[in-house]
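When a ligand or atom number is given, it counts from 1 through the structure's own listing order.
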Amino acid sequence: MGLAAAFSFYPGKNLGACGEGGAVTTSDELIANRIRMIRDHGQAKKYHHDMEGYNGRLDAIQAGLLGIKLKSLPEWNEKRRRNVALYSKLISLLPAPCSVIPSFVPEWARPVYHLYIARVQKREELQKYLQDNGIGTGLHYPVPVHLQKAYAGKGYKEGDFPITEKVSKEILSLPMFPELTEEQIKYVVETIRKFYV
Ligand SMILES: *Cc1c(COP(=O)(O)O)cnc(C)c1O
């Protein structure tokens, strides 16, 4: 995954802590040492700060919990993939007036599906209809990076990335976790069908 890869252990992730957490993997010694310093207030050794850093240390209790959960991760990822296969199959079988596009997977990819994101029309109404029928959904994410206030200084404006902007209004994250049952997935897709038909 390049020189270094970053992982979030946010509770909702495939490998989630019981609180905040994260990790960086790298096979590069220089990067590893730098990251160890950054996470610990830039300390090279106790009382000696070679750079500005912050407190990004992973709690031992989180590490202990993650170490136990890590053993189950391959199995949980497989269950997510199985859920996706059913979601995508049922969604692709929906009759014509249903404007729902299943999650796209390129030939070379093997996703672990932290989220299952479909593209839908009339998103706001559909989301409310699902909510009223006991189905929670999410938006990841409705405001594209180039329209975030934090990046206003880059000078981008609405219309600069028309495809991103279009898609950001159509995405809908359907319920996704390893323990989802076949019945629950069928209920979600059937409720989507009822909304459109
Ligand atoms: C989890 C997640 C984040 C948040 O990650 P943290 O570093 O734990 O805050 C941001 N963006 C995406 C796409 C994510 O999936």
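Protein heavy atoms are found inside the 4.0 Å sphere centred on atom 8 (O) of ligand 1.
With a heavy-atom cut-off of 4.0 Å, H140 does not touch ligand 1 at all. Residue contacts with ligand 1 for Y141 involve side-chain atoms from C-beta outward but no N, CA, C or O (heavy atoms, distance under 4.0 Å).
Using cut-offs of 30° and 60° for the angle between ring planes, the H146 and Y156 rings count as perpendicular.
Backbone and side-chain nitrogen or oxygen atoms of S8 are examined, and one is located within less than 3.5 angstrom of a nitrogen or oxygen of ligand 1.
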Go through it in stages, so that I can follow the logic: the residues are Q43 and M37, the test is side chain to side chain contact (heavy atoms under 4.5 Å, CB included), and I'd like the CA-CA distance, side-chain angles, deciding distance and then a yes or no.
CA-CA 5 Å; Q43 283 194 113; M37 280 165 66; 6.0 Å; no
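Closest protein heavy atom to atom 14 (C) of ligand 1: K13 NZ, 2.8 Å.
Counting only N and O atoms by type, the side chains of Y116 and S88 include a donor and acceptor under 3.5 Å apart. N33 and R36 are linked by a side-chain donor-acceptor pair at a separation below 3.5 angstrom, with hydrogens and angles left out of the test.
Closest heavy-atom contact between V167 and R119: CG2-CZ, 3.8 Å.
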